[in-house]
Amino acid sequence: MSFENAGSGTIPPGRFVGPVLAFDANPPVRIARVAVHPSTNFPGFTEAYVSVRENALWINTTGLTVTPATTLFLTLDLDA
């Protein structure tokens, strides 16, 4: 995920602010684990900001600071 078009600043606090990525497939995608890839340069972002609900990733960016150079890379482990 890239924040090239987001400008700079702190994302306002809230219950949830950020994208939800849903994976539709047959058979359904089951996400077992999410890890922040070492190439990420998103200060303060940890796995605690990601929730897995069925086939979707909820990426909460509330309260974090971004610049146009901010990037987020996640590694997903899937259940077979």
Side-chain angles (χ1 to χ4, degrees):
M1 191 161 73
S2 169
F3 293 86
E4 291 176 5
N5 298 320
S8 297
T10 300
I11 298 168
R15 290 183 63 194
F16 178 86
V17 178
V20 176
L21 306 175
F23 301 92
D24 288 326
N26 191 5
V29 172
R30 292 182 294 195
I31 302 165
R33 189 175 82 80
V34 178
V36 177
H37 191 275
S39 298
T40 293
N41 69 348
F42 196 159
F45 192 92
T46 67
E47 288 86 357
Y49 285 88
V50 181
S51 298
V52 176
R53 298 182 192 160
E54 297 180 9
N55 68 330
L57 290 178
W58 294 63
I59 302 171
N60 194 357
T61 57
T62 187
L64 298 175
T65 300
V66 298
T67 71
T70 301
T71 55
L72 172 61
F73 298 97
L74 300 174
T75 301
L76 307 179
D77 289 341
L78 305 178
D79 280 338

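If you're wondering where the values come from, they're calculated on a predicted model, not measured in any experiment.
Counted by atom type alone, T67 and S8 present zero donor-acceptor pairs between their side chains at under 3.5 Å.
Under the salt bridge (Lys or Arg N to Asp or Glu O under 4.0 Å) criterion, no residue pair touches residues 47-61, with sequence neighbours excluded. Screening residues 16-36 for ring pair (Phe, Tyr, Trp, His ring centres under 6.0 Å), with sequence neighbours left out, gives F16-W58.
Taking CG of L72 as the start and OG of S39 as the end, the distance is 11.0 Å to the nearest 0.5 Å. Distance check: I11 CD1 to L64 CG gives 6.0 Å after rounding to the nearest 0.5 Å. H37 contributes atom NE2, which lies 10.5 Å from atom OG1 of T71 (distance to the nearest 0.5 angstrom).
Within the 3.5 Å criterion, the main-chain N or O of V29 finds no donor-acceptor partner in the side chain of N55.
For V52, the side-chain contact (heavy atoms from CB on, under 4.5 Å) criterion is met by I31, V34, L57, not counting sequence neighbours. Qualifying salt bridge (Lys or Arg N to Asp or Glu O under 4.0 Å) partners for D24, counting only residues two or more places apart in sequence or in other chains: none. Evaluation of the ring pair (Phe, Tyr, Trp, His ring centres under 6.0 Å) rule for Y49 yields F45 as partners, not counting sequence neighbours. Take T62 and apply the side-chain contact (heavy atoms from CB on, under 4.5 Å) test, not counting sequence neighbours, and it matches P13, V17, N60.
With contacts defined as side-chain heavy-atom distances shorter than 4.5 Å, the pair L21/I59 qualifies. Contact annotation: the side chain of F42 approaches that of V66 to within less than 4.5 Å [non-hydrogen atoms, C-beta and beyond].
The two residues A32 and D79 have their closest heavy-atom pair at CB-OD1, 3.2 Å.
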